[in-house]
Amino acid sequence: MDSYTVRINGFTRSVEASDPDKPLLYVLRGLGLTAAKYGCGLGQCGACTVLIEGRATRSCQTTIADVRDRAVTTLEGLGSSSSLHPVQAAFIKEQVPQCGYCTSGMIMSAAALLAEKAKPTEDEVRSALDGNLCRCGTHVRVVRAVMAASGQAG
Amino acid sequence: MTLAMEPSHFSRRAVLKGGALTIAFALSGERADLFAQDGGGPPRILDAKEVDAFFAVNGDGTVTVFCGKVDLGQGLRIAIRQMAAEELGIGVDKIKYVEGDTAVTPDQGRTSGSSGIQRGGVQIRQAAATARKALSELAAQHLGTKPDDLIAVDGQIRPKVGGAGILFADLIGERRFDLKIDPKAPLKNPSSYIIVGKSLPRPDVPAKCTGRNIYVHDFTVPGMLPARVVRPPAIGAKFISVDESTAENLGAKVVRIKDFLAVVAADEWMAVRAARALRAQWSAWSGLPEQDTLAATLRSAADITDEILINKAAPDAPRPEGAKTIAASYFWPMQSHASLGPSCAVADVRADAATIWTASQGTHGNRATFARFLGLPREKVRLIYLEGAGCYGMNGHEDAAADAAIISRAIGRPVRVQWSREDEHGWDPKGPPQLLDISGAVAGDRILDWRVEMWLPQATRGLPNIPLLGPEAAGLDQVRGLNAGQISQNGDPPYAADNVRILVHWLKDAPLRPAPLRSPGKPANCFAVESFIDELAAAARVDPVEFRLRGLSDARGVEVIKRTATLMKWQARPSPGPDKDAPIARGRGMAYVHYKHDETYVAIGMEVAVDRSSGKITVERVACAHDCGQIINPDGVRAQVEGCILQTLSRALKEEVKFDRSRVLSVDWSSYPILTFSEAPKVEIELIDRPTLPPLGAGEAACTPVAAALANAIHDASGVRLRTVPFTPERLKAARNQQST
């Protein structure tokens with residue numbers, strides 16, 4: 001059992017894992033941080049997206065060894081119900097989620113985009129979210145929410 | 001700690017026959033009483049004829065609604081609250097809500113067929129009207145007045161003329177109504193509504209946006225162990241042998257019952273690794289048809305039952321000169337629910353009772369099924385709904401629940417089963433393949449003949465549930481058969497025709513296990529019917545909207561078509577349009593449905609660009625007019641219509657289950673792609689509210705005309721008529737080449 005120091009949502013934690021290849025997704029969910037979802041385990045759907053050093057990353061394709069001494073942010077750490085991140089606030093205002101299984105990954109990808117580019121075009125939003133799949137068909141609202149979160153309400 | 005299994009249970013012995021099964025992982029916590037009810041009050045009334053089944057007036061002034069239908073993200077949690085609050089006369093914030101728990105909610109049938117509001121909600125509304133009437137009568141006794149002089153507002157009954165009222169809680173708080181639902185209890189006049197008709201926010205949305213929503217995937221019970229099921233490499237393969245050491249070396253244990261094989265481990269990742277590593281031998285099996293000739297296989301099936309759905313003849317109608325006769329064949333492939341999260345469930349099965357936490361859309365209906373294969377009395381099986389990843393009929397949720405139940409019973413511990421992506425795409429029940437032949441004759445704008453033949457899998461009469469994989473593999477008792485929902489509806493034209501004959505060839509079998517998939521069967525039937533009406537209009541050289549309106553007498557149908565045409569700025573002309581030989585050909589198309597012929601009205605228009613050389617189809621705009629009667633929550637309806645359109649666009653453009661003779665091959669998102677953000681068009685929706693008419697469903701109807709509107713737009717743009725879904729670039733190029741030769 002090896003020990004890994006990881007900064008998760010601002011707190012430094014020591015995580016035990018016998019397998020250095022254990023995906024971060026399973027580590028997070030094992031810690032009770034269940035916002036990141038298992039969707040495919042293949043890096044194809046984006047439901048498990050978290051921020052690593054601010055970059056949107058598929059936690060199912062990232063090992064515990066990869067994040068040693070690095071900063072991981074999950075949806076739980078992006079904002080809270082009393083202090084929402086602008087993307088979260090916009091998703092709630094636009095009533096985006098249906099089943100909501102993809103929502104966590106969508107918000108993390110969108111937050112990373114806006115951190116990099118404060119006023120993206122609609123095409124840039126779509127392109128940044130192309131790796132996040134939604135089955136319920138909420139795409140129109142997602143795009144509207146991200147544009148609104150960047151202060152570009154249409 | 002080492003858990004020694006008591007070998008008292010027959011199923012455990014079956015597992016233990018290779019030696020003592022010991023599971024060496026830590027188990028924590030005590031197991032609570034499975035049948036303890038929240039709050040510990042008296043047992044709930046579950047008879048759906050009783051007011052008490054649906055409502056409890058609490059002492060604190062709140063009212064709890066007990067709903068047998070479940071919210072999958074479609075907004076029932078707010079819409080049903082709105083209907084109940086409005087009819088009771090209480091604020092919507094004073095309504096508590098419990099859903100889909102067989103121990104505490106009445107059986108309102110499966111949450112399917114767009115029935116949540118139009119049957120479930122309407123039933124609860126009538127219960128609320130009955131309750132309000134009873135409360136008024138109680139208050140009248142206290143106040144020494146007549147019930148008719150009283151009004152229910154803000155959770156109290158008070159005189160219409162003003163003055164002090166009495167709180168519901170003081171009238172009946174913590175007590176039962178002991179009252180049957182009165183079908184004649186008067187409903188409020190819709191003109192007085194203050195809650196119904198408002199876009200109130202869905203209560204689950206904030207938790208879904210902050211990661212606090214508890215999906216079945218996130219749910220835990222003390223002592224729960226993660227498990228993965230290992231399915232054979234071929235669908236009908238039988239178990240031969242397993243090398244258990246391949247899993248045991250990774251700290252997992254193997255559970256095997258006949259052809260059912262699973263691994264149980266101390267944590268999820270160990271279970272994943274063990275399932276991947278497990279080496280098992282299975283028999284060969286290759287019972288699936290060839291994919292490339294699937295349509296021909298359906299057409300030539302020997303074991304069929306024919307049923308004539310409609311046979312309307314006008315034998316005396318004189319046949320005009322110059323009638324044009326055309327015929328076409330349409331095909332819709334098997335499709336997956338393709339839920340974004342693979343199915344998951346938690347089960348705690350004991351010797352005398354079982355509790356299953358599941359995202360099933362039919363907790364009540366599954367009770368007997370689970371009781372049967374677990375060998376328990378029905379009343380000792382409790383299914384509790386928890387949200388899962390979106391499901392649109394029946395994905396693998398029930399299968400995962402059965403898997404978890406079988407393993408829990410075998411190891412005597414609560415078990416969580418999480419399917420893999422490959423499991424979900426490979427083994428979820430599929431929307432069945434549909435083949436339709438249509439022939440018709442037209443003279444001027446008059447349709448003389450309209451004949452349809454469809455090939456569809458036949459539903460097994462009286463089948464309680466679609467058979468589940470786990471019980472089948474483990475040799476446990478369940479009723480076998482097929483059901484894919486009401487898949488033959490909307491196969492006949494809504495337009496006037498002299499002669500109409502609709503014939504179904506019911507097939508005894510289906511290539512892959514079928515199940516209802518959103519708007520079951522109707523997207524394919526409407527694809528054929530609404531494509532063919534355009535083919536007739538083109539043959540008659542009449543504008544397709546004009547052609548539809550000439551044959552349509554239903555005023556609500558006419559209105560959705562006209563409104564959609566207005567949204568589209570529709571310019572009347574026959575199809576194809578003038579642009580058809582341009583490198584990027586643009587065009588528009590329309591399709592219409594009166595869902596199930598007696599429910600919601602929808603017309604959808606589309607604008608597309610077709611790249612003639614690459615075959616790429618870009619949907620640039622979708623417009624939709626939608627009439628589902630009385631609207632409970634406009635934003636909720638809008639969200640459903642958007643979802644219907646975009647999901648079915650995905651199905652029409654991209655989706656087809658791929659298989660060889662043994663198994664499903666499209667088992668991930670690259671081999672079964674769905675719509676991406678870059679492909680999602682602008683969607684414009686106009687809702688037509690009919691406050692005085694009954695509310696109808698909005699969760700399926702708008703799926704139905706999508707593929708036809710798209711096919712018609714592609715034809716209008718490029719002159720290429722696509723009759724097989726999905727409309728891939730390869731299909732478009734092949735059809736273009738075929739039509740130009």
Side-chain angles (χ1 to χ4, degrees), chain A residues 17-19 21-23 26-27 29-30 32-42 44-45 47 74-81 84 87-89 91-93 95-104 107 123 125-143, chain B residues 72-75 199 201-202 204-215 217-218 251 267-270 272-273 337-342 344 387-392 418 420-421 635-636 639-640 642-650 668-670 674-683:
Chain A
S18 57
D19 177 6
D21 292 333
K22 183 173 184 173
Y26 292 90
V27 173
R29 293 184 61 83
L33 296 167
T34 56
K37 293 287 184 277
Y38 168 67
C40 63
L42 305 164
Q44 295 176 339
C45 76
T74 70
L75 183 65
E76 291 97 334
L78 188 70
S80 66
S81 44
L84 295 167
V87 175
Q88 289 176 307
F91 266 58
I92 294 171
K93 182 158 184 292
Q95 294 280 291
V96 171
Q98 289 187 28
C99 88
Y101 200 84
C102 71
T103 303
S104 172
I107 292 176
D123 280 348
V125 171
R126 287 171 184 271
S127 164
L129 292 173
D130 259 343
N132 290 78
L133 299 178
C134 168
R135 184 55 165 167
C136 296
T138 66
H139 308 72
V140 173
R141 287 178 186 230
V142 171
V143 173
Chain B
L72 325 156
Q74 83 280 37
S199 288
R202 285 173 276 134
D204 43 303
V205 166
K208 287 174 176 174
C209 295
T210 51
R212 266 91 183 168
N213 197 54
I214 302 298
Y215 294 86
H217 304 74
D218 309 322
D267 83 17
E268 180 69 18
W269 180 238
M270 283 172 75
V272 172
R273 292 178 70 202
H337 286 77
S339 290
L340 202 78
C344 182
E387 256 186 293
C391 176
Y392 316 94
Q418 168 70 67
S420 69
R421 171 50 49 200
D635 189 66
Q640 282 305 290
E642 288 167 9
C644 283
I645 291 170
L646 294 176
Q647 186 181 83
T648 315
L649 207 49
S650 178
D668 62 18
W669 296 114
S670 66
I674 62 171
L675 198 76
T676 64
F677 275 92
S678 293
E679 296 163 329
K682 291 191 191 326
V683 179

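These numbers were taken from a predicted model, which means no experiment stands behind them. Naming convention: chains lettered A, B, ... in sequence-line order (proteins, then strands); numbering from 1 in each chain.
Residue contact with chain B, scored on non-hydrogen atoms closer than 4.5 Å, involves the backbone and the side chain of A:L133 alike. Only the side chain of B:S650 comes within contact range of chain A, judged by heavy atoms closer than 4.5 Å. For chain A, the nearby part of B:L72 is the backbone; its heavy atoms alone come within less than 4.5 Å. With a 4.5 angstrom heavy-atom cutoff, B:E642 touches chain A via backbone and side-chain atoms both. In this structure, the portion of A:L42 lying under 4.5 Å from any heavy atom of chain B is its side chain and not its backbone.
Rounded to the nearest 0.5 angstrom, A:C40 SG and B:D668 CG are separated by 8.0 Å. Of the inter-residue distances, the one linking B:T676 atom OG1 with A:N132 atom CG reads 11.0 Å to the nearest 0.5 angstrom. Separating the SG atom in B:C209 from the CG atom in A:L78 is a distance of 11.0 Å, to the nearest 0.5 Å. Here B:D218 contributes atom CG and A:K37 contributes atom NZ; the two are 3.5 Å apart, rounded to the nearest 0.5 Å. Between the CG atom in B:N213 and the OG atom in A:S104 there is a gap of 11.5 Å [rounded to 0.5 Å]. Here SG of A:C136 is found 3.0 Å from OH of B:Y392. Values are rounded to the nearest 0.5 Å.
B:R202 places a side-chain N or O within donor-acceptor distance of the main-chain N or O of A:Q95, the cut-off being under 3.5 Å. Distance alone, capped at 3.5 Å, is enough to place a donor-acceptor pair between the A:Q98 side chain and the B:A639 backbone. Between the side chain of A:R135 and the backbone N or O of B:S339 there is no donor-acceptor pair closer than 3.5 Å. Of the possible polar contacts, one joining the A:Y38 side chain to the B:R421 backbone as a donor-acceptor pair under 3.5 Å is found.
Taking every heavy atom of both residues into account, A:C99 and B:G390 meet most closely at SG-N, 3.1 Å. B:W269 and A:D19 make their closest contact through NE1-OD2, 2.8 Å (heavy atoms, listed as atom of the first residue, atom of the second, distance). Closest heavy-atom contact between B:V205 and A:F91: CG1-O, 4.3 Å. For the residue pair A:A35 and B:G211, the shortest heavy atom distance occurs at CB-CA, 3.6 Å. Here the closest non-hydrogen pair linking A:Y26 and B:V272 is OH-CG2, 3.7 Å. Of all non-hydrogen atoms in B:L675 and A:H139, the two that sit nearest each other are O-NE2, 3.6 Å.
Your options are A:P23, A:C102, A:A128, and the one with the most heavy-atom pairs under 4.5 Å with chain B is A:P23. For the set B:Q647, B:H217, B:E387, the count of heavy-atom pairs under 4.5 angstrom toward chain A peaks at B:H217. Options B:S678, B:A680, B:S670 differ in how many heavy-atom pairs under 4.5 Å they form with chain A, and the most are formed by B:S678. Put simply, of A:A89, A:G41, A:G39, A:C134, the one with the most heavy-atom pairs under 4.5 Å next to chain B is A:G39.
The shortest side-chain heavy-atom distance between B:P206 and A:S81 does not fall under the 4.5 Å cut-off.
The aromatic rings of B:Y215 and A:Y101 sit perpendicular to each other, their planes meeting at more than 60°, with 30° as the lower class boundary.
Look at A:K22 and B:D267 and you find a salt bridge, because one of the NZ, NE, NH1 or NH2 atoms lies within 4.0 Å of a carboxylate O, short of that distance.
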